[in-house]
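These numbers come from the heavy atoms of this one structure, side chains and all, not from hydrogens, waters or symmetry mates. These numbers come from a predicted model, not from an experiment.
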Amino acid sequence: MRLGELLAGYVPGPRGRDGLALALLLRRRAGARLTVAYVRPPVWSPPGPARAEDGAWRAYLAEQADAALAEARELAGEEAGYVVHPGRHSGRGLVELARRRSADVVVIGPAPGGARGRISVGSTADQLLHASSVPVLLAPRGYGDEPPPDFDRLTVAYRRGPGCDAAVKDAARTAVALGLPMRLVTLVVGPARRVRAEEDMLARLREQAAADLRAAARGQARRLRVEVEVLEGRTVAQALGAASWLPGEMIICASSDTGPLRRVFLGDTSLKIVRASTRPVMILTRQP
């Protein structure tokens, strides 16, 4: 994937700082250009039943946008670019802006109300994760409070298939470009109490997962050394918790094979990984 042009969606407050801290970390590591965007409501949609006067509403929106970007500028400095983009929905506004500005990745913070250290998916992320034409990178809540000094490793959530195999190749190119090691993990989820047939099935799944991981890693041996690991638990969260995670880890997931080509389309397993992860997660676009 390309990482030359980053687009960070910003909202005032801690959520915006979480996403922006992640975008700044990636900008430094990749030597990329960063644009910080604030999506404001359209000027023809005044709030409330009384409908504020058009001029006053325009002035209010401009003031809100200026305040948001002033806050972002304090964090990102003058090396970043800043833009206000009108849109009825922030996620769709970022999709449109990413297309217009030829962004390579869109970075956002978590939705409100989530647990600290986890990624909460709200309407903005949901719109991006089902419509973006470029990868989407999500920050956990609180990421901006103590961001790591740098990225340490890329971990790819792997399940054998054309979409995920393409994602491994993409992630490997990115790992080489960023000078980072890469790990492939496969999640095996099963109940705590099992009958004999379930035990046998899970044993076969483990063996197949391990074989698939080794084959995928061998395919990238010329580029870099790849670690592999099978993670097991009763839930996706428990399986992820069974692994060790470096402070500067980033998880990479492929889009669902059922989604449209060249778009991000989040499947059920990837969504569970996003919600269970304690590290930033990037969802790639589906490749042909």
Side-chain angles (χ1 to χ4, degrees), residues 1-9 19-20 22-37 80 91 94-108 119 125 127-139 150-185 216-217 219-227 248-257 259-267 270-271 273-274 277 279-288:
M1 81 188 78
R2 296 190 301 270
L3 294 172
E5 296 284 347
L6 308 180
L7 177 65
L20 188 52
L22 179 56
L24 289 170
L25 195 64
L26 185 56
R27 181 189 71 175
R28 289 194 297 269
R29 186 77 192 194
R33 290 177 292 272
L34 172 63
T35 299
V36 182
L94 289 172
V95 168
E96 183 179 89
L97 188 58
R99 188 182 303 115
R100 289 185 180 182
R101 301 183 74 89
S102 300
D104 297 316
V105 177
V106 178
V107 187
I108 62 169
I119 297 170
Q127 290 160 15
L128 282 166
L129 293 174
H130 290 89
S132 177
S133 58
V134 299
V136 177
L137 179 56
L138 306 169
D150 203 348
F151 288 110
D152 296 318
R153 180 172 60 187
L154 302 183
T155 288
V156 181
Y158 181 77
R159 184 179 64 180
R160 189 179 65 180
C164 211
D165 288 336
V168 169
K169 293 178 183 178
D170 207 0
R173 286 192 293 266
T174 303
V176 170
L178 297 180
L180 295 173
M182 190 171 85
R183 176 175 61 166
L184 303 180
V185 300
Q220 306 306 317
R222 292 184 179 180
R223 298 181 183 180
L224 75 167
R225 184 176 179 180
V226 182
E227 301 175 55
E249 196 110 31
M250 182 198 301
I251 300 176
I252 296 178
C253 292
S255 283
S256 169
D257 287 336
L261 288 176
R262 303 296 183 184
R263 292 288 186 274
V264 170
F265 193 84
L266 200 63
S270 292
L271 179 59
I273 291 173
V274 167
S277 175
R279 298 295 185 269
V281 178
M282 178 182 288
I283 309 296
L284 303 182
T285 55
R286 184 185 169 203
Q287 302 297 316

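Across Ala217 and Val226, no two heavy atoms sit closer than the pair CB-CB, 4.0 Å. Between Leu138 and Ala125, the shortest heavy-atom contact is CD2-CB, 4.3 Å. Across every non-hydrogen atom of Ala32 and Leu3, the tightest pair is CB-O, 2.8 Å. Contact between Val156 and Ala171 at its shortest, heavy atoms only, is CG2-CB, 3.5 Å. Pairing each heavy atom of Leu94 with each of Leu7, the nearest pair is O-CD2, 3.9 Å.
In this structure, CG on Leu178 lies 7.0 Å from CG on Leu26, to the nearest 0.5 angstrom. Between Glu5 atom CD and Arg101 atom CZ the span is 8.0 Å, to the nearest 0.5 Å. Summarising the geometry, atom CE belonging to Met282 is positioned 13.0 Å from atom OG1 belonging to Thr155; distances are rounded to the nearest 0.5 Å. Between atom CD of residue Gln127 and atom OG of residue Ser132 there is a gap of 11.5 Å, rounded to the nearest 0.5 Å.
Using a 4.5 Å cut-off on side-chain heavy atoms (C-beta onward), Leu6 and Thr35 make no contact. With a 4.5 Å cut-off on side-chain heavy atoms, Val168 and Met182 count as touching. Within the 4.5 Å cutoff, the side chain of Cys253 has no heavy atoms near those of the Val274 side chain. The closest side-chain heavy-atom distance from Gln220 to Leu184 is not below 4.5 Å. The shortest distance between side-chain heavy atoms of Tyr158 and Ile252 does not fall below 4.5 Å. The shortest side-chain heavy-atom distance between Asp104 and Val134 does not fall under the 4.5 Å cut-off. Residues Leu97 and Val106 are not in side-chain contact: their nearest non-hydrogen atoms beyond the backbone lie 4.5 Å or more apart.
With hydrogens and angles disregarded, a donor-acceptor distance shorter than 3.5 Å links the side chain of Thr174 to the backbone of Asp170. In this structure, the side chain of Arg279 does not engage the main chain of Ile251 through any donor-acceptor pair within 3.5 Å. A donor-acceptor pair under 3.5 Å links the side-chain atoms of Arg223 to the main chain of Lys169, judged by distance alone.
The side-chain hydrogen bond (donor to acceptor under 3.5 Å, both in side chains) search around Asp152 returns none, not counting sequence neighbours. Residues satisfying the salt bridge (Lys or Arg N to Asp or Glu O under 4.0 Å) test with Arg160, not counting sequence neighbours, are Asp212.
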